[in-house]
Protein chains: 2
Amino acid sequence: MAATIKDIAKLAGVSTATVSRVLANKSAFFSEATATKVHAAATELGYQKNTAAAELVTRHSNVIAAVVNSTKTNFASQIIEGIQAEAHQHELNVIILYAGDADSAQQRRALMTVIERPVMGILLLSVDLAPENLTLLQGSQVPYCFLSISFDGERLPYITSDDWQVGYQATQALIKQGHRRIGLAGVDRDFHTGRQRVLGYTQALQDAGITPKAEWIQLGNYSYDAGQAAMQAYGAQTELTAIVGASDMAAIGVMNQARDLGLLVPADLSIVAIDGTELCSLVQPQLTSVSQNFYEMGIAGVQQLRSIETLPQKITPIKLVNRQSVRMLSPE
Amino acid sequence: MAATIKDIAKLAGVSTATVSRVLANKSAFFSEATATKVHAAATELGYQKNTAAAELVTRHSNVIAAVVNSTKTNFASQIIEGIQAEAHQHELNVIILYAGDADSAQQRRALMTVIERPVMGILLLSVDLAPENLTLLQGSQVPYCFLSISFDGERLPYITSDDWQVGYQATQALIKQGHRRIGLAGVDRDFHTGRQRVLGYTQALQDAGITPKAEWIQLGNYSYDAGQAAMQAYGAQTELTAIVGASDMAAIGVMNQARDLGLLVPADLSIVAIDGTELCSLVQPQLTSVSQNFYEMGIAGVQQLRSIETLPQKITPIKLVNRQSVRMLSPE
DNA sequence: TAAGCCATTGTAAACGTTTGTGTAAAGTGC
DNA sequence: GCACTTTACACAAACGTTTACAATGGCTTA
């Protein structure tokens with residue numbers, strides 16, 4: 001149905017080889033005269049290149065696949081923007097796939113659609129791959145890199161923030177303002193990222209001579225609901241004066257629940273969020289955060305895929321952004 | 001490098017045709033014995049199918065491309081979930097592309113990467129295609145459908161809410177609570193969607209015997225900033241008692257700016273948002289909204305692509321969701 | 001004028017699949 | 001034991017490109 005280079009060749013009275021060369025602009029391989037003939041024929045036929053066919057023979061693609069764990073996590077968009085920016089600089093195209101939230105079957109589906117097609121590389125944004133899917137990924141010949149997630153033992157390529165530092169600095173920011181009874185809400189200790197954040201949090205407290213109680217840490221999956229549940233668990237009479245939200249969403253959950261319990265932020269309760277997406281400045285009061293550089297992560301991810309030798313791990317910087325959710329505690 | 005069906009054929013001692021049929025599970029075309037041989041060989045070689053090659057010969061693909069206008073608009077994720085759900089039911093896969101915000105070059109890039117490859121159809125989420133890119137899209141043989149956007153004259157296939165009704169119902173909801181001086185903030189009158197919302201808004205006022213002043217309508221691009229700017233234009237001394245935000249983001253912008261101007265929501269100013277994404281229940285007070293059924297839009301979009309005959313336009317339902325940002329105005 | 005070179009173009013193989021057609025062997029009914 | 005059907009497989013063409021190699025012809029140079 002659609003026009004092919006064969007049709008163009010016939011119409012222009014040349015061979016398909018010449019058409020291919022003209023269209024690919026392999027100059028010094030054709031004359032001006034034929035070039036114009038070919039181009040005229042191409043536009044007349046409304047030719048659309050079939051890249052799949054071309055990729056089949058050249059065995060090389062220019063699309064990067066970004067696999068995202070869920071539509072719910074909002075930081076993904078910042079990473080994707082970084083990916084796009086860097087990719088476009090190098091004439092690469094980006095496609096995005098959603099892999100669902102801890103849904104092995106959907107992960108597999110997303111992975112399959114990219115592995116089975118020619119892609120130049122795969123970026124996995126904060127996705128906890130099920131073991132069988134990891135095997136799948138490794139079995140394919142496609143280069144890959146995890147973003148915004150880290151791993152313990154296995155030597156997987158990843159780019160992320162220093163999660164220990166994230167936990168440490170969020171906690172320390174509160175300590176510096178005089179807080180000593182500080183909670184950590186909505187963190188997931190099943191994975192490396194969460195474990196590191198807990199470790200950083202604990203160390204910051206210990207460095208200030210504080211021994212955290214077990215109930216100060218409320219586990220969860222970084223979601224709004226997890227933040228809410230954590231705050232419910234702390235209760236209106238909590239001894240805590242400050243809470244670190246494991247994510248922006250969790251922090252907002254904490255804040256809204258605190259309000260429902262009659263606690264004012266930051267008057268009664270200070271909050272530091274982890275992530276620092278635009279959500280932090282949308283809510284009232286705006287949330288002070290330990291902000292990750294997601295955009296940079298995206299850029300680094302593309303660079304990692306492009307580099308031959310695989311420098312396996314990389315850490316992107318974080319910074320504390322002061323907004324309105326932390327108050328200085330007067331020492332009593 | 002990677003194993004092909006040729007390798008499997010050699011290892012299993014059969015022809016590639018047989019391998020293909022076994023792998024595609026075209027039963028009644030092979031015996032149990034060969035099937036097991038082939039499967040054994042396939043796993044031994046770590047075979048990964050090259051779908052691009054298969055699609056080349058079958059001339060038919062099972063991936064749907066969703067083109068999104070920007071990473072910024074948050075409702076997209078709900079549409080995408082709808083798309084995924086419906087697509088997966090029919091063994092279709094979904095890839096997502098970002099087309100940038102009113103950036104013709106990036107639109108073109110996104111469009112090209114999908115048109116040049118075998119895709120089964122293209123869904124365009126709220127993207128205002130530049131004229132040249134629309135021509136491009138129409139020139140390709142790929143079926144397509146616009147989502148969450150509508151058009152005036154041209155007969156383009158689209159699925160969206162009734163934007164006139166959206167404007168009407170949002171305004172009417174405020175009128176019913178006794179408001180008579182009502183603004184509309186952040187709406188874009190350059191496109192059909194925005195124009196319809198303005199028309200609905202105006203009609204609702206007129207039906208209540210109210211003649212809207214020109215300055216009640218503040219134009220913008222549906223963004224947080226647009227909402228903020230609109231509220232700044234209204235000013236602290238505004239005669240308005242209520243405002244319709246052209247989107248969730250715009251409504252939040254209005255609300256936060258109002259607070260900065262010393263106005264309390266909803267005590268001094270009532271707000272109705274348009275869209276009704278989860279953002280509405282994240283902020284404080286939670287925003288009353290005219291909610292669109294984005295999930296349903298995604299489902300309908302996939303169905304539209306799958307149906308041969310193209311029933312060009314479809315309207316998805318909306319509903320008013322009462323939350324906390326509107327107060328009843330006592331008649332004086 | 002022959003040899004050599006360069007610019008331009010064509011020929012054909014290859015990429016990894018699917019599938020229509022052909023065919024040998026095995027099974028069926030009489 | 002014959003004609004027939006069925007089963008199970010192989011052969012080869014096709015999809016739309018790219019590209020190595022060959023071929024052509026004109027031009028330069030000695």
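Keep in mind that what you see is a predicted model, and the values were worked out from it rather than measured. Here is how names work: the chains are called A, B, and so on, in the same order as the sequence lines, proteins then strands, and each is numbered from 1.
At the phosphate of dT9(C), OP1 or OP2 sits under 4.0 Å from a side-chain N or O atom of Thr34(A). In terms of phosphate contacts, Arg59(A) brings no side-chain nitrogen or oxygen within less than 4.0 Å of OP1 or OP2 of dT18(D).
Evaluation of the side-chain hydrogen bond (donor to acceptor under 3.5 Å, both in side chains) test over residues 31-41 of chain A, restricted to residues two or more places apart or in two chains, returns Ser31(A)-Thr34(A).
Axis deviation across the helix from dT1(C)-dA30(D) to dC30(C)-dG1(D) amounts to 40°, comparing end segments of five pairs, rounded to 10 degrees.
Scored by the side chain to side chain contact (heavy atoms under 4.5 Å, CB included) test, Ile96(B) finds Ile96(A), Tyr98(A), Ala66(B), Val68(B), Ile80(B), Val94(B) as partners (sequence neighbours excluded). Remark: Phe151(B) engages Phe146(B) in a ring-ring contact (aromatic ring centres under 6.0 Å, His included) (not counting sequence neighbours). For Thr18(A), the side chain to side chain contact (heavy atoms under 4.5 Å, CB included) partners at least two apart in sequence or on another chain are Val14(A), Ser15(A), Val22(A). In this structure, the side chain to side chain donor-acceptor pair (under 3.5 Å) partners of Glu116(A), at least two apart in sequence or on a different chain, are Thr51(B). Annotation: side chain to side chain contact (heavy atoms under 4.5 Å, CB included) contacts of Asp152(B) (sequence neighbours excluded): His192(B), Arg195(B). With sequence neighbours excluded, no residue forms a salt bridge (Lys or Arg N to Asp or Glu O under 4.0 Å) with Asp275(B). Every residue two or more places apart in sequence or in another chain that forms a ring-ring contact (aromatic ring centres under 6.0 Å, His included) with Phe294(A) is listed here: Phe75(A).
Across all their heavy atoms, Val119(B) and Ala65(B) have their closest contact at CG1-CB, 4.5 Å.
One interatomic measurement links the two molecules: CG of Leu56(B) to P of dT18(D), which rounds to 12 Å at whole-angstrom precision. Distance Glu55(B) CD to dT17(D) P: 15 Å, rounded to the nearest Å.
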Can you tabulate the close N/O pairs, meaning under 3.5 Å, that link protein atoms to atoms of nucleotides 17-22 of chain C?
residue, atom, partner, partner atom, Å
dT17(C), OP1, Tyr47(B), OH, 2.7
dT17(C), OP1, Asn50(B), N, 3.3
dT17(C), OP2, Ile5(B), N, 2.9
dT17(C), O5', Tyr47(B), OH, 3.1
dT18(C), OP1, Lys49(B), NZ, 3.4
dT18(C), OP2, Ser20(B), OG, 2.4
dG20(C), O6, Arg21(B), NH2, 3.1

In a table with atom names and distances, give each donor-acceptor pair under 3.5 Å that connects a side chain of residues 107-115 of chain B to protein atoms at least two apart or in another chain.
residue, atom, partner, partner atom, Å
Gln107(B), OE1, Ala130(B), N, 3.0
Gln107(B), OE1, Asn133(B), ND2, 3.0
Gln107(B), NE2, Asp128(B), O, 2.8
Arg109(B), NH1, His88(A), ND1, 3.3
Arg109(B), NH1, Leu92(A), O, 3.1
Arg109(B), NH1, Asn93(A), OD1, 3.0
Thr113(B), OG1, Ala110(B), O, 2.9

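Within residues 37-45 of chain B, no residue approaches DNA chain D, by heavy-atom distance under 4.0 Å.
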